[in-house]
Structures are given as structure tokens and as C-alpha cells.
Asks: 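For reference, the structure I am asking about is given below.
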Protein chains: 2
Amino acid sequence: MKDVAQHAGVSTATVSRVLNGHAAPTPETRERVLAAIEELGYRPNALARSLRTTSTQTLGLVISDLLNPFFAEIARAVEDEARSHGYCVVIGNADESAEQEATYVRTLLDRRVDGLLLCPATDDPSLVREVSAGGVPLVLLDRTVRGATCPVVRADGSEALTALARRLVGAGHSRIGVIAGPPDTSTGRERSDVFTGALGGAAQIVHGDFRQESGSQAAAKLIDDGVTALVAMDNLMGLGALGEIKARGLRIPHDIAIAVFDDQPWFPLLDPPITVIAQPTVEMGRAAARSLLALIDGQQPDDVRLSAKLVLRGSCGEAEL
Amino acid sequence: MKDVAQHAGVSTATVSRVLNGHAAPTPETRERVLAAIEELGYRPNALARSLRTTSTQTLGLVISDLLNPFFAEIARAVEDEARSHGYCVVIGNADESAEQEATYVRTLLDRRVDGLLLCPATDDPSLVREVSAGGVPLVLLDRTVRGATCPVVRADGSEALTALARRLVGAGHSRIGVIAGPPDTSTGRERSDVFTGALGGAAQIVHGDFRQESGSQAAAKLIDDGVTALVAMDNLMGLGALGEIKARGLRIPHDIAIAVFDDQPWFPLLDPPITVIAQPTVEMGRAAARSLLALIDGQQPDDVRLSAKLVLRGSCGEAEL
DNA sequence: TTGTACGCGTTATCAG
DNA sequence: CTGATAACGCGTACAA
């Protein structure tokens, strides 16, 4: 910057003013500064700028698992929305580990992100408290924690899950297996609670960890137990369950019905296509980003609940109804 | 930091020394400082630290498309490797747009990442030159650019593609359709060049853009032209092609054979399972991170070429051979 | 071993 | 409209 100033025959202050679009500088000096910048290939140091302004124009996003397409979609939506407001997003991948999540959150805070978007790995509120204590704007995404005091953006699957339960019961299923998420996550508990509630308690539940492998194992256990329908509460566990079904040579929906929470582009390719509960991922990501930006702006955004939708495709025997 | 110093009855210099694990401070003063840090919940400002040390312990990764599982896997591998070396990764999503790619690269440079990993959207070398001119360590990943002078890490699909070509010809296919990537990307060109070369020129090529929609359109065109086999040079275009095949009610491999570049966890679930050319994504990501760290360390890492492997599953009529 | 003082690259205040 | 100058939070030579 000093070089640029010298080159243009002005002070660094003036260079700064040109850079920040202040009204002050004469068109003529502005021209000279711009020319010098161009010639020297000068680029301002964002670190120094942030140190001075205490604003990084950056949002932190800590997600549970980058390899889970559901979160990848959310990440992309967050990024789109943020960019359209002049913000950058730094993504941290917690890999469904509370420890790694905490590490990332602290790293992002140390780098002074202007706000934080968090998909909590567990419903333990301690990390959330830590962030709040630091006074950093925080929004929870997809999952919540016990006694959360910050805005939460998530999908509401109640209606869809209830409809699905009715559908399965109506199709004559009396032994239904639920492949649920971890009991210490809000989505892991709520989805299976709502579903089994609608079922009237006639379900068998196995908890997985939102990963493919756990879906296979849970499916194996439930099939051995004689269920005639399987509901996977996450796309990765659904993938695992489908693999187990295929490995056993079972036919869908004749031998076993299946539905999956989260839609994926390849579900319609299977035979029969898979019935799913689709979450509005893009809207969730965008809404979360907007809420966080509002919070940063000093406003008090409300919680957001977007509803998930049941998409019937045939894997629950819909065609036969 | 001043607060901590006061609280512990020392100078900020001593606090700094404790923070950075210098040998100097007495165990006793160290103890006091640590206590003060704990009590005040002090966290060092990474911005200020980086400004002073000119090192951010951060790697930039600009990828073509976060929603493409291939890149998501790479991103995760890069992150794992980087973290194990004490580095953090900032991911930028270029969305297959050269413009957005350039924006992200500049943003990352402005934030003074210690090095940059780039999956170039096109083979135009100008952006790469710009980075190199800035003296920032740079490694190209998956794709290269014309006249690249920096280390490149990528998969070599020649052997697998040649084997696939032989297989298809051996199975009696004489009209083979290739769904290639954009001609202005190295992977878009090379894969179809190698494949059609091995075929002896008897292929019809349609270029897509590494996205699902373009895969459907390309497949439609090629099927209309009467091909009996389809090879998609990327998993997303493969997804699109499979959708088009399903929509037309064609049977694989009887009516049409298909193979896809990139493996995906759901390919084995289809009936028949899809034959693929699998890239070593994890190793690519890790190798790229290692190369970049070596470069940052002042070494001169060589290019890395990992070989992709043909995985026969049945969608090219292997069972009938 | 510890403290003082300077500088990293910016922005903002205050004179002029 | 422009130019000194202080300050952002930290690391480090230098002196004590």
C-alpha cells in the first residue's frame, strides 16, 4: 500500500479512501491511485483490514458430514445466499464427531468470523453456550440442542411422517422397522418419535449414526426380526439399508417396503423408485444464512420451520393400493 | 492479551511466549499466565497473529462443484490430510464457472492462505499465472491447464478406458456413444480422446458440462442416433444418462450398455449394477495436500498420477461374455 | 527470565 | 480534499 501511495504521489490514507469508495478523493487523484494499483498488481491484505475493522465479511459453517449429500446441498445454498450479500463462507467438516466440531468452532471463532452456522453433532448445549458467551452471532441449522437460545432453522417432518405411517399401516404392515439417527441428536430422536407415535407404538427402532454402514447393520437386524417395512431416517442409512435388501435378494415392495428420509437424485432410478420424505435443503440453507446475516445486523430473527414433503414413488407398494 | 498480562502480573510479551511454547518463561510464571488465560477465557486473535507471522496455517481449496460427490470426497481427503499437519482448509465452490473460480481464488489470496489447491474450471492458464506471479504455492488437482508449471495431481484413466473400449468392442458394440466433459477442460478432452483412440475412431461424441442435465440431453441425442452403448465420463452426467435410459424404458444391458467414469456408492444398487471406472479420490486429495505442504515447505514435489481402475459389474453385458 | 518498543497492513480521526 | 498519526492484536529483537 505504501508502494502504491508513493507511485501515485499520495499518502496511504488516500489510497485507502479510494479503495473503500469514499466520497473524498478527486476523480483525478482517484485515477492516479487506480493506475498505480493496476500497475503494481496491488491487492489489499484482508487480514490487516479485518484486524482494523473487526469485520471479516465471513460466515463460518460447521456441518456434520460433507460427504452426506444433504449437508453438501445445504452448504451450497448457504454459500450462495452469503455470497449474494458480499459474504464468504468457511466450511468446517465435523465428521459427526463432537470433538472435531468443537475444534472447528473454536478455530473459526479465533479467525473472527462475523457469525456462525452450526449443525450440532449432539444436543449438548455446552458448545453453543461457549459461542454465545463470546458474543458471536449463532444460528443452529437442521438440528437443535437442549435449551437453545439462538435462532434455529430446520425442517418439520411431522406431517410427512404421519402420512407415511398411515400409508404403511393402510397397506397392511404391522411389523415396521425404524432406522433412526443417534438418540443424542434432535433429528435422531424427533423423527422416530413422531413416526412411532403416529404408528401407535407398533414399531421396532434401531439407532444408527447417520452413516451408510450403520444403515446396513440396522436393516439386517430388523429384517432378521421379521419386519415387513423399513423406514430409514436419513439418506445415508437408507443407502445402507437398500444395500442390505439387495444383498439378501429381497424384492421391494413385495418382500419388504422401504421409505427414506431425504431425497436423492438417484432414488427415482431404482426399481421400484424409492418413496422419500424430501427436505427443502436449498431453502433451509438460504434461510439459515439470512437469519445469521440478520442477527449480525442486530436484528432478532425468528426460528424457521420448513415442512418436509412425502413423495410417493412405489417402494412402499403405493401402486398396489 | 493485555488483560491477561495484567491479570497475571506480567507483560504481554511473556503471555505471548507462553502461548507459543517458548522455552523462556519459568514454570511458575507460565502457570500464572495459563491460569489468567483460563479465567478470562482468552483466545488469541488469529488475524493479528497471521498479520505478524505472515502465516495463516490455512490452505485454500477451490473446487469445481461441491454437489459433485467426486469433489466432495476429494475435499474431505484434503481436509483430513491438512488437519493432520496442523492446517485448516477453506473451501471455495466455483460451480463450474471460470468467473466464480477467479473470484474465489482472489478472495483466498487476499486472505493470505499459505497455499492454494485448484481444480481449474477451464484449461486457460491465466489464473494459474496470476497466482504464481503472486508467489503463492499452488497445486493443480484433477485437471490441469495449458503449459502448467506447478505440480499437478490427477488420476490416469488411460488403462481403464482402453480396457473398457476393448470390452465393449468384444461384446459386439460398433456404435458407441461418448458423453464427454467440456472440451475446454483437460479431463473433458483427455478421457474421450483416449477412449475413442482405443476404439479406433468408431465413436460418437457429445460434450456435456459435468452436470446431470447435460448427461440426459447427451444420452437422448446419442440414443436417437442409434448407439448401443453409452460411456459417461463423469458420475453426474452418468446419472443423467441413466435417467434418460429409464425414462425411455430401455433395458440395460440388452437394449443399451452403459459405463460411467467415477464410482458412486449407489451404482451397485441398480439392476444391473453399473460398470465404472473408479478414481482413487481419497488418495488424490491426500496426495494433493501433501504436495502443497511440501511446496510451502520449500520443496519441489513431483507431479502425481494415480491410476483409475475399471470395475466390471454387469451394465456392459459382462455376464454374457 | 522478563519487559520495552517496534512493526505487520489497514482504517479512522483529526488537522490543515 | 488530503496527509500525518494512532490503533487494531500480536511476535520478536533488544536491552535489562
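The model shown is predicted, which means the values in this text are computed figures rather than measured ones. Both backbone and side-chain heavy atoms feed into the values below; hydrogens, waters and symmetry mates do not. Just so it is clear: chains get the letters A, B, ... in the order the sequence lines come, proteins before strands, and each one is counted from 1.
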Asks: Determine the contact category for A:Met1: base if any of its heavy atoms lies under 4.0 Å from a base atom, sugar-phosphate if only primed atoms, P, OP1 or OP2 are that close, otherwise nothing.
Replies: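 Base contact.
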Asks: Do B:Thr281 and B:Pro69 have side chains that approach each other closer than 4.5 Å (heavy atoms only, starting at C-beta)?
Replies: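 No; the side chains remain at least 4.5 Å from each other.
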Asks: In the structure I gave you, are the side-chain heavy atoms of B:Leu51 and A:Asn45 within less than 4.5 Å of one another anywhere?
Replies: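 The answer is yes; the side chains approach within 4.5 Å.
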Asks: With a 4.0 Å cut-off on N to O distance, would you call B:Arg211 and B:Asp234 a salt bridge?
Replies: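 No, this pair does not count.
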Asks: I need the CG-C1' distance between B:Asn45 and D:dA7, as an integer number of Å.
Replies: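 After rounding, the gap between these two atoms is 14 Å.
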Asks: Return the value, rounded to whole Å, for the distance between atom CG of B:Asp3 and atom P of D:dG9.
Replies: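 In whole Å, D:dG9 P and B:Asp3 CG are 10 Å from each other.
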Asks: Nearest-Å distance, CZ (B:Arg49) to C1' (C:dG7)?
Replies: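 Whole-Å distance recorded here is 17 Å.
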Asks: Quickly work out the B:Leu19 CG to D:dC10 P distance and round it to whole Å.
Replies: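 So the CG-P distance, B:Leu19 to D:dC10, works out to 8 Å.
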Asks: Picking from C:dT10, D:dA4, C:dG9, which would you name as closest to the side chain of A:Pro44?
Replies: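 Within the option list, the nearest is C:dT10.
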Asks: Under 3.5 Å, sequence neighbours excluded: what are the donor-acceptor pairs made by side chains of residues 296-305 of chain A?
Replies:
unit_1	atom_1	unit_2	atom_2	d
A:Asp297	OD2	A:Gln299	NE2	2.9
A:Asp303	OD1	A:Val152	N	3.0

Asks: Please work out if A:Val10 contacts a base, only the sugar-phosphate, or nothing of the nucleic acid, heavy-atom cut-off 4.0 Å.
Replies: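 Touches sugar-phosphate only.
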Asks: Would you say that B:Leu292 contacts B:Pro137 through its side chain, given a criterion of any heavy-atom pair below 4.5 Å between the two side chains?
Replies: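 Result yes, sub-4.5 Å side-chain heavy-atom pair found.
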Asks: Give, ordered by number, those residues of residues 25-37 of chain A having at least one heavy-atom distance below 4.0 Å to an atom of DNA chain D; if nothing qualifies, reply none.
Replies: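 The stretch gives A:Pro25, A:Thr26, A:Thr29 as the residues lying under 4.0 Å from the strand, ordered by number.
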Asks: Could you note down all residue pairs passing salt bridge (charged side-chain N to carboxylate O under 4.0 Å, His left out) where residues 29-47 of chain B supplies at least one of them, sequence neighbours left out?
Replies: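 Listed by first then second residue: A:Asp110-B:Arg43.
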Asks: With axes from five pairs an end, tell me the bend angle of the helix from C:dT1-D:dA16 to C:dG16-D:dC1, nearest 10°.
Replies: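 Between the axes fitted at each end of the helix from C:dT1-D:dA16 to C:dG16-D:dC1 lies an angle of 40°.
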Asks: Return each pair, listed once, that meets salt bridge (charged side-chain N to carboxylate O under 4.0 Å, His left out) where at least one residue sits in residues 124-141 of chain A; pairs must be two or more places apart or across chains.
Replies: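 Sorted result for residues 124-141 of chain A: A:Arg106-A:Glu130.
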Asks: So, applying side chain to side chain contact (heavy atoms under 4.5 Å, CB included) with A:Leu118, which one of A:Val128, A:Val145, A:Leu108 is it?
Replies: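 So, applying the side chain to side chain contact (heavy atoms under 4.5 Å, CB included) to A:Leu118 and each of A:Val128, A:Val145, A:Leu108, only A:Val128 qualifies.
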Asks: Roughly, in whole Å, what's the span from CD in B:Gln6 to C1' in C:dG3?
Replies: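 Going from CD in B:Gln6 over to C1' in C:dG3 covers 15 Å.
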Asks: Check B:Arg76 with A:Asp95, please: is the shortest side-chain N to carboxylate O separation under 4.0 Å?
Replies: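 Yes.
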Asks: Output the rounded distance in Å from CG (A:Leu51) to P (C:dC8).
Replies: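 About 14 Å, once rounded to whole Å.
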Asks: Rounded to the nearest Å, what distance is computed from the CG atom of residue A:Leu40 to the P atom of nucleotide C:dG9?
Replies: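 Result: 14 Å.
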Asks: Using the 3.5 Å cut-off, write out each protein N or O paired with an N or O of nucleotides 12-16 of chain D and the distance between them.
Replies:
none

Asks: Is the shortest side-chain N to carboxylate O distance from B:Arg143 to B:Glu190 below 4.0 Å?
Replies: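 Salt bridge: no.
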